[in-house]
Amino acid sequence: MAGTHLEPMSASTPGVESFRVARAAVLARIAAACERVGRSPDEVTLIAVSKTVDPVRLRDAVAAGLTILAENRVQDGEAKVPEVPGASWQLVGPLQSNKVRRALEVFDAIQSIDSVGLAERIDRLAREVRGAGPDRRYPILLQVNVDNDPSKAGFAPDALAEALEAIGGLDALDVQGLMTIGRFVTEAEAARPTFAALRVLSVRLRDRGAALSADLSMGMSDDFEVAVEEGATIVRVGRALFGERPHGP
Ligand SMILES: *Cc1c(COP(=O)(O)O)cnc(C)c1O
């Protein structure tokens, strides 16, 4: 890449270099998955899920080009965002209504909207906290519990059309798409039906005129290639970039 040699010394420490390698490997796997199904890799955004990773390492990750980071807890975002300049941040974990204001203060998008009430609250507070409005909408994704798994958050697929009618009227929000967490499976291939179902759901809703853009956030370290083959436009990857987490998933 042009200009790489001109970066300051601090940008080529062993930490930065190892993240460059990890990022390139994940991007190459995304590109290969795109190739298999005739998609362009430009259609897929890599989000680095940085939960449990400390700010010092995250600064290296950002210097290596991992500039979109995601956390699954509001308080972790609050702690890290000021320590890691140059990144944008998304929330991918559950959001309680009493933390919406704090979430809006640190996250540039929220992927885990799972009720109309939560969307209404974000719409209201985004105007106040982020100056959002019809000309400057705050980006959200709606989380869908595709498999109706009782242990998972998200809208039931059947409830989405009605929810979108209500959320479509919230004009400080930009509903960029749908997000799902694949089933916990030992084989990536077993997650394919979940991802395919999210894509079909999105197409069906948009064909009927729902106020919904086309993003599909699906795929994590163990199954992002399958997700890309099934149409993911956003993959949320943690361990394949940062290594195993200290305390399980
Ligand atoms: C932790 C997490 C990820 C990343 O998981 P990995 O298996 O580490 O890639 C993605 N999405 C959500 C919602 C998460 O909580």
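Since the structure is predicted, the reported quantities are computational estimates derived from the model, not experimental observations. One-based numbering, in listed order, for ligands and for the atoms of each.
Note on residues 153-173: pairs passing side-chain hydrogen bond (donor to acceptor under 3.5 Å, both in side chains), not counting sequence neighbours, are Arg127-Asp171.
Enclosure of atom CD in Glu35 is not indicated, since only 12 or fewer non-hydrogen atoms of other residues, nucleotides or ligands lie within 6.0 angstrom. Taking a 6.0 Å sphere around CZ of Arg136, one finds it holds 12 or fewer heavy atoms contributed by other residues, nucleotides or ligands.
Among Ser221, Ala48, Ser50, the residue whose heavy atom lies closest to atom 6 (P) of ligand 1 is Ser221. Of all the listed residues (Met218, Glu71, Gln143, Met220), Met220 holds the heavy atom that lies closest to atom 3 (C) of ligand 1. Taking each of Met179, Glu244, Lys51, Arg239 in turn, the one with a heavy atom nearest to atom 7 (O) of ligand 1 proves to be Arg239.
Contact analysis puts Arg245 in contact with ligand 1, with a non-hydrogen atom separation below 4.0 angstrom.
Exactly one residue among Glu187, Glu225, Glu230 makes a salt bridge (Lys or Arg N to Asp or Glu O under 4.0 Å) with Arg192. That residue is Glu230.
Taking a cut-off of under 4.0 Å to the non-hydrogen atoms of Arg236, the atoms of ligand 1 that pass are 4 (C), 9 (O), 10 (C), 11 (N), 12 (C), 13 (C). Residue Val92 has at least one heavy-atom neighbour below 4.0 Å for each of these atoms of ligand 1: 12 (C), 13 (C). Residue contact check: Val237 has heavy atoms under 4.0 Å from atoms 9 (O) of ligand 1.
Legend: residues meeting ring pair (Phe, Tyr, Trp, His ring centres under 6.0 Å) with Phe19, ordered by chain and number and at least two apart, are Phe242.
Between Ile181 and ligand 1, no pair of N/O atoms sits closer than 3.5 Å.
With salt bridges taken as basic N to acidic carboxylate O contacts below 4.0 Å, one links Glu17 and Arg20.
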